[in-house]
Amino acid sequence: MKYYIETFGCQMNVHDSEKISGIMKSGGHTSASAPAEADILIFNTCCIREKAEQKFFSRLGRLKSLKKRNPGLKIVVAGCIAQQEKGAVFQRAPYVDYVVGPQNIHVIKELDGIGPHYTACEDNPLIADTEYQTDRADSVKAWVTIMYGCDNYCSYCVVPYTRGREISRPAVKILEEVERLAQDGVKEITFLGQNVNSYMSDINFPALLKKANEIDGIRRIRFVTSHPKDLSNELIRAISNLDKVCEHIHLPLQSGSSRVLRLMNRKYTYDDYLKKIKLLRSALPDIAITTDIIAGFPGETGEDHAATLRAIEEIGFDGMFAFKYSPRPETAASRLEGHLDEEVQSERLYEIIDIQNLITDTKNRRLKGSSQEILVEAVIEGREGPILHGRTRTNKIVVCHQPADTDRLIPPGDIVDITVTKTARHSLAGIVRQ
Ligand code: 5AD
Ligand code: SF4
């Protein structure tokens with residue numbers, strides 16, 4: 001049978017879709033190039049904010065007509081909405097056939113003939129020991145899951161309810177996977193987890209980085225997402241001593257007000273966060289630091305918001321994802337007093353984004369004329385020769401040309417040095433150095 005996967009949400013979901021695709025292929029299914037050609041339509045969903053949920057349900061509503069044309073079509077709702085809503089998905093959309101939570105994707109190849117309205121949302125304590133056949137989309141870069149779930153219970157966040165208890169994969173299994181990827185020609189790996197730096201099996205996260213750093217063929221190592229409370233001195237030393245570990249960390253701050261951070265159950269104050277940033281920068285002066293900020297958390301005062309704006313200026317992030325607070329079912333924050341009007345949230349969000357945009361522009365402008373190491377991810381034929389797309393070690397997107405007088409064709413997967421010739425907010429342009 002032919003399957004088609006549509007993915008919503010974070011990197012975790014993007015990578016889960018690669019696993020789902022691998023599972024389907026191992027079950028003898030083949031991938032369809034469009035939803036209309038599929039016998040099984042799989043939605044891998046996200047519910048981090050209400051908007052993400054609405055986006056999925058409106059897409060589902062639009063694709064429902066495919067079932068009228070092809071009554072044999074099976075619709076699977078997988079991912080975080082599946083886990084959160086479970087059987088309630090069928091009440092809202094009776095034409096859905098199967099609901100499969102993130103811990104149960106292994107069942108997905110065997111669903112045909114079961115049902116109607118089958119739900120697989122049980123806790124799966126074996127997930128960390130499950131080896132998935134992953135159908136990866138990229139041959140230069142690869143995601144590698146090192147831990148599942150999350151135990152932090154940030155008061156706004158739905159993830160502990162959708163992805164279950166935190167559990168780390170055995171280090172040997174992770175390292176075997178990285179070895180296999182290296183043999184397949186992959187150059188960059190990104191260790192994935194909701195809280196990667198709390199990884200703990202027989203070894204801890206810095207030790208895992210050290211072992212991965214020794215694997216021949218891998219040139220770059222990244223990791224997302226880190227929690228500030230678990231950013232240890234040992235990890236800072238690992239980032240600075242291990243040559244393949246890139247100088248970039250995504251370290252969500254969420255708010256610059258320690259009062260709000262307490263309400264968010266983040267387990268650090270703004271001062272704690274700032275101290276860690278200073279330690280990071282003294283060990284790695286050029287490290288890029290990106291973050292997430294939530295605007296308009298319940299009870300956030302004008303003073304709390306002003307503290308966030310000051311924090312953004314004081315730290316000078318390289319990039320940011322900022323969101324309006326969105327109440328989520330079951331979470332502690334949804335029961336707090338003092339929910340703010342959407343207009344206040346929007347106003348605060350735009351102030352946050354405006355300040356960050358100025359900072360991003362200034363930081364990127366300073367890179368003009370600098371030399372950067374790029375991993376080439378794709379080469380696209382342009383009017384004036386090949387255009388190389390890649391990223392710096394600090395995770396900035398770069399588009400660059402080769403000098404006119406070279407005939408050496410640089411393939412994806414190569415690492416080249418470039419000079420930055422132009423900068424914009426979300427990318428740099430450059431030319432390959434001879
Ligand atoms: N409302 C708004 N933003 C949220 N995030 C997580 N939960 C919510 C919510 N309920 C943001 C956080 C997190 C990022 C992935 O999404 O900033 O770091
Ligand atoms: Fe990812 Fe969270 Fe969305 Fe689930 S709810 S897909 S873990 S962002």
Side-chain angles (χ1 to χ4, degrees), residues 5-20 42-56 77-85 100-103 105 121 127 143 145 147-166 192-197 224-229 249-256 260-261 263-268 273 290-298 300 308 311-312 317 319-336 339-340 342 345-346 348-349 352-353 356:
I5 308 173
E6 252 185 46
T7 308
F8 300 78
C10 64
Q11 297 101 331
M12 197 73 73
N13 259 21
V14 173
H15 185 43
D16 277 357
S17 288
E18 294 180 331
K19 292 180 188 166
I20 293 173
I42 303 165
F43 294 95
N44 195 8
T45 61
C46 169
C47 56
I48 193 91
R49 284 169 290 276
E50 201 184 341
K51 261 214 188 114
E53 204 169 322
Q54 283 165 355
K55 196 169 145 196
F56 158 67
V77 175
C80 291
I81 294 182
Q83 191 65 32
Q84 189 183 265
E85 304 277 321
V100 178
Q103 300 178 55
I105 53 176
C121 295
I127 193 165
W143 307 106
T145 306
M147 48 123 62
Y148 294 93
C150 181
D151 280 349
N152 287 330
Y153 289 95
C154 300
S155 65
Y156 48 81
C157 189
V158 78
V159 171
Y161 308 95
T162 64
R163 290 193 173 263
R165 299 284 54 73
E166 186 172 303
L192 263 187
Q194 294 298 340
N195 187 176
V196 268
N197 54 339
V224 279
T225 287
S226 302
H227 194 298
K229 75 173 165 52
I249 189 162
H250 186 67
L251 199 64
L253 169 63
Q254 312 297 5
S255 169
V260 172
L261 287 171
L263 291 174
M264 288 176 165
N265 192 30
R266 287 292 286 174
K267 305 179 183 91
Y268 55 85
Y273 186 94
T290 53
T291 204
D292 293 340
I293 298 281
I294 297 178
F297 188 76
E300 184 188 80
T308 299
I312 294 168
F317 293 106
M320 173 191 290
F321 298 108
F323 318 92
K324 277 186 262 187
Y325 167 73
S326 166
R328 301 283 66 212
E330 294 185 80
T331 59
S334 68
R335 298 187 292 270
L336 285 174
H339 284 250
L340 301 180
E342 171 116 39
Q345 290 189 311
S346 295
R348 292 183 182 177
L349 179 68
I352 288 166
I353 291 173
Q356 182 56 41

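First listed ligand is number 1; within each ligand, the first listed atom is number 1. Given the structure is predicted, the values throughout are model-derived calculations rather than measurements. Sequential numbering from 1 along the given sequence is applied to the chain's residues. Computed over heavy atoms, backbone and side chain alike; hydrogens, waters and symmetry mates excluded.
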* Are Arg49 and Phe323 in a cation-pi setup, meaning NZ or CZ lies under 6.0 angstrom from the ring centre and within 45 degrees of the ring axis? -> yes
* **Structural part of Val158 in contact with ligand 1, heavy atom criterion under 4.0 angstrom** =>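 Neither; nothing of Val158 gets under 4.0 Å from ligand 1.
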* Give the contacting part of Tyr156 toward ligand 1: side chain, backbone, both or neither, where contact means a heavy-atom distance below 4.0 Å. => both
* Number the atoms of ligand 1 from 1 as they appear, then name those within less than 4.0 Å of a heavy atom of Arg328, with their elements. =>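 Here the atoms of ligand 1 in question are 10 (N).
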* Structure fact -> Counting from 1 in the order shown, the ligand 1 atoms closer than 4.0 Å to a non-hydrogen atom of Phe323 are 3 (N), 11 (C), 14 (C), 16 (O), 17 (O)
Could you pull out all residues at least two apart from [X] that satisfy side chain to side chain contact (heavy atoms under 4.5 Å, CB included)?
{"X": "Gln345", "answer": "Lys324, Tyr325, Leu340"}
{"X": "Glu85", "answer": "Glu53, Ile81, Ala88, Val89"}
{"X": "Phe8", "answer": "Glu6, Phe43, Cys46, Lys55, Phe56, Arg59"}

* **Polar side chain donor-acceptor pair, His250 to Thr225, under 3.5 angstrom** =>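 Result is no, nothing qualifies.
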* Asked: So how far is it from Ser255 OG to Leu261 CG, rounded to the nearest 0.5 Å?
  -> 5.0 Å
* Calculate, to the nearest 0.5 Å, the distance between atoms OH and CZ belonging to Tyr156 and Arg328 respectively. =>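 Going from the OH atom of Tyr156 to the CZ atom of Arg328 covers 14.0 Å.
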* Test of proximity, Tyr325 against ligand 1: N or O pairs below 3.5 Å -> no
* To do: Report yes or no: does Arg266 contribute a side-chain atom to a donor-acceptor pair with the main-chain N or O of Gln254 at less than 3.5 Å?
  =>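 No; judged by distance alone, with no hydrogens or angles, the pair does not exist.
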* Of Gln345, Gln254, Lys324, which has the heavy atom at the shortest distance from atom 17 (O) of ligand 1? -> Gln254
* **Where Ser226 and Asn197 come nearest, the two heavy atoms and their spacing** =>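 Of all heavy-atom pairs spanning Ser226 and Asn197, the closest is CA-OD1, 3.3 Å.
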* Evaluate the side-chain hydrogen bond (donor to acceptor under 3.5 Å, both in side chains) criterion for residues Ser17 and Asn44: first the C-alpha distance (whole Å), next the side-chain angles of each, then the deciding distance (0.1 Å), finally the verdict. => CA-CA 7 Å; Ser17 288; Asn44 195 8; 3.0 Å; yes
* To do: Compute the centroid of each ring, for Tyr153 and then for Tyr161, and state whether the two points are separated by less than 6.0 Å.
  =>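 Yes; Tyr161 has its ring centre under 6.0 Å from that of Tyr153.
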For [atom], what's the nearest protein heavy atom and its distance?
{"atom": "atom 18 (O) of ligand 1", "value": "Asp292 OD2, 2.6 Å"}
{"atom": "atom 7 (S) of ligand 2", "value": "Arg163 NE, 3.1 Å"}
{"atom": "atom 10 (N) of ligand 1", "value": "Ser326 O, 2.7 Å"}
{"atom": "atom 3 (N) of ligand 1", "value": "Arg49 NH1, 3.2 Å"}

* To do: Take atom 3 (Fe) of ligand 2 as the centre and count protein N, O or S atoms at distances under 2.8 Å.
  =>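 With waters ignored, the protein N/O/S count below 2.8 Å is 1.
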* Give the numbers and elements of all ligand 2 atoms closer than 4.0 Å to a heavy atom of Gln194. =>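 This gives 7 (S) as the contact atoms.
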